[in-house]
> 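Take a look at this one; I'll ask things after.
Order of the sequence lines sets the chain letters (A, B, ...), proteins ahead of strands, with each chain counted from 1.
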Amino acid sequence: MDYLPVATLLVLLAFNVQVAFAIGIAALAFFVVSGAMPVQVFVQRFIAATQSFPLLAVPFFILAGAIMNEAGITRRMLHLAETLTGHVTGGLAQVNIVLSTLLSGMSGSANADTAVQSKLLVPEMARRGYDVGYSAAVTASSSIIAATIPPGIGLILYGFLANVSIGALFLAGILPGLLLAILLMIAAWVIARRRGYLPSRAKRASWQERWEAFKGAWLALLIPVGVVGGIRFGLFTATEAGAVAVVYSIAVGLVYRGLSWRSIPKVLSQSVLATAAIMLIICAANAFGFYMSWVGIPKQAANFIAGLTENPVLILLLINVLLLGVGMLIEGTAVLILLTPILVPVITALGIDPVHFGIVMVLNLTIGGMTPPLGTLMFVACSVTGVSIAKFTREAAPFLAVLLAALLAVTFIPQIALWLPSLGH
Amino acid sequence: MRMLRRGAANLDLGVACLALVVVVASVAWGVLTRYVVSQPAVWTTELSSIAFAWVVFFGAAAAMRRGMHIAIPIFVDMLPATARKAATLLSLALVIGFLGYTFYLAGLLSAQSFNRPSPVLRISFAYVYAGIAAALFLMLVHAILQLFAVWRSTDGTIAYPPQEAEEAG
């Protein structure tokens, strides 16, 4: 009887009911059937998440990213990335990965990055003789960097759900993101060399050229620096950093003359829709969370897993396998929202740092977007570039291997995530 | 007339966008006054939370019309057309029931909170909840329209207006 809402949820999800409504119906079923408290509590819990100040960071960083993109900052970053790595073998693949890394400090969503770069870079890569499948795979895999480098939407959601400092999560995500970038660049280089993909420029750009390109983009590069620095030194909270980033990006957009007042409604609409789609799931999950803690599901899950083994290494491995499996079937953000409240008590009971675990979980679930049958990154990359799912999967395999290796490293070497937040404490 | 209809149809998105502007402006103002003025504004947190509720629920209504709420179609897509149609109708009926009941509950909550003003701005929570109830009602209308569209379709897939789907991308 206690598990009736969970069963309801799974059946509804299988029947193509939108995730937010499936969770909402399952939660409402509990309130109606159990009779333990007035049904009014359901709607109060359903609305409660929108009254959370930390969650305001979600629309802020989505909006800042959309404004920056509209302001043409992507092209400036592309120019900078081109002068940095265009001369290397498979130059455009390197440029693609460096661009993902540069943009990750403005965008918190791997899906958005995949869409932008699939449109911008893949046609150019194809024109220069790069395999389209390879180009799409490089684009999708490198966009995962955006999930861990601040500001990441997944990190904000995890911070809210696990009651962990979003500032600490932002700091913890930096090194894992850079590690991903380096490993992906190596993998892309090895493949490009074997296939003879040419550099995108004849010779290395001079430092003069690089400096010029940097000057064209540095105002935008200040965003991640300002966000992380401002939070670290206590100037503002993560949410306030988001609002400041929005105002700042409007100013930069006007300075660069890429932003017109006419484009504001479009940018606002995009951000509202993306925010609402995520937040409605959070709202429903908040009501569902009431049921879960009422019945004691997190505790039961903790007991169950502790009964299997008490070895933290094995448990982390187990959780990673579980998340990869679930993440292949359900969109990563939805899984994050549903499973964080269950898993965090499990790992804290074992002495695992919830900040460290947050990076592992967000990285893991974003990687799930690369795989069939339901990877969102894969769908976005394939639909924009016109590559078949089968071809994408084949070309993405080596990058997926690299991403999984990075996931293992981040899981079992906690210092990669925790070194930066520990500085100065 | 067409513009009027589009305007009415996009009312939800318009309200949500305005609310988002309020959220951004009030939080930014809160930071600014903390560093510039000796007396930081105390109302900004409250106003931003109130406006955020409207961003989320009116935005969710707009997202619903564009088919932007994620689902897992993989199993239903494996069914033959008639079974898929039946499954989609059934799940839409459930969503309609859910939205209808939640709308009723939110309306009730609004009516009960007339004498509950917010701490600083003294805005009655009745208005906050009434907005949420209105947005839930819009979602209910969209769900019912989708039910009719699926009923008329042959294979049970939900078609979204192309123009709006494009805006969403």
Side-chain angles (χ1 to χ4, degrees), chain A residues 12-22 24-25 28 32 39-40 42-44 46-47 49-53 55-56 59-60 63 115 235-237 239-244 246-247 264-266 268-277 279-283 329-331 333-334 373-374 376, chain B residues 13 16-21 23-31 34-35 45 48-50 52-64 66 68-77 84 87-88 90-92 94-95 97-99 101-102 105-106 108-109 112 128-129 132 167-169:
Chain A
L12 291 174
L13 287 176
F15 269 90
N16 199 15
V17 175
Q18 293 98 322
V19 175
F21 296 132
I25 293 170
L28 183 58
V32 171
V39 187
Q40 278 291 18
F42 166 76
V43 73
Q44 282 163 5
F46 190 56
I47 295 169
T50 65
Q51 303 300 302
S52 148
F53 196 67
L55 279 180
L56 289 178
F60 290 165
L63 186 56
L235 292 178
F236 33 60
T237 64
T239 302
E240 291 170 340
V244 173
V246 170
V247 175
I264 297 281
K266 179 179 142 202
L268 275 175
S269 308
Q270 282 174 354
S271 308
V272 158
L273 292 170
T275 302
M279 279 300 303
L280 196 67
I281 301 177
I282 290 266
C283 286
L329 286 176
I330 308 178
E331 206 268 336
T333 312
L374 280 171
T376 44
Chain B
L13 191 56
C17 286
L18 279 181
L20 182 56
V21 172
V23 175
V24 173
S26 61
V27 176
W29 185 253
V31 180
R34 197 169 64 225
Y35 287 104
T45 313
S48 59
S49 316
I50 291 173
F52 189 44
W54 284 33
V55 173
V56 172
F57 283 94
F58 281 99
M64 181 142 182
R66 291 162 177 76
M68 287 185 70
H69 292 296
I70 51 164
I72 304 164
I74 184 165
F75 301 112
V76 173
D77 282 351
R84 181 162 66 220
T88 311
L90 187 66
S91 59
L92 268 172
L94 274 172
V95 170
F98 169 74
L99 286 170
Y101 193 44
T102 313
L105 289 175
L108 211 61
L109 190 64
Q112 286 162 352
V128 183
Y129 296 141
I132 292 170
E167 277 170 26

> Between B:Ala63, B:Ala53, B:Ala62, which has the largest tally of heavy atom pairs under 4.5 Å with chain A?
B:Ala53
> Not counting sequence neighbours, which residues clear side chain to side chain contact (heavy atoms under 4.5 Å, CB included) with A:Ala22? List them please.
A:Leu9, A:Leu12, A:Leu13, A:Val17
> With a 4.5 angstrom heavy-atom cut-off, could you sort out which part of B:Arg34 is near chain A: side chain, backbone, both or neither?
side chain
> Looking at B:Tyr35 and A:Leu235, would you say the former's side chain and the latter's main chain have a donor-acceptor pair under 3.5 Å?
yes
> Please state whether the side chain, the backbone, both or neither of B:Phe58 comes within less than 4.5 Å of a heavy atom of chain A.
neither
> Applying ring pair (Phe, Tyr, Trp, His ring centres under 6.0 Å), can you list everything that pairs with B:Phe52, at least two apart in sequence or on another chain?
none
> What pair of heavy atoms forms the shortest contact from A:Ala276 to B:Ala60, and how long is it?
CB-N, 3.3 Å
> Quick one: what part of B:Leu105 sits under 4.5 Å from any heavy atom of chain A, side chain, backbone, both or neither?
both
> Pick one: which of A:Ile264, A:Leu63, A:Leu268 meets side-chain contact (heavy atoms from CB on, under 4.5 Å) with B:Val21?
A:Leu268
> Counting heavy-atom pairs closer than 4.5 Å to chain B, which one of A:Ile282, A:Ile330, A:Val43, A:Val32 comes out on top?
A:Val43
> Applying side-chain contact (heavy atoms from CB on, under 4.5 Å) between A:Gln18 and each of B:Val95, B:Ile70, B:Ile72, report the one that passes.
B:Val95
> Does any heavy atom of chain A fall under 4.5 Å from the side chain of B:Leu99, the backbone, both, or neither of them?
side chain
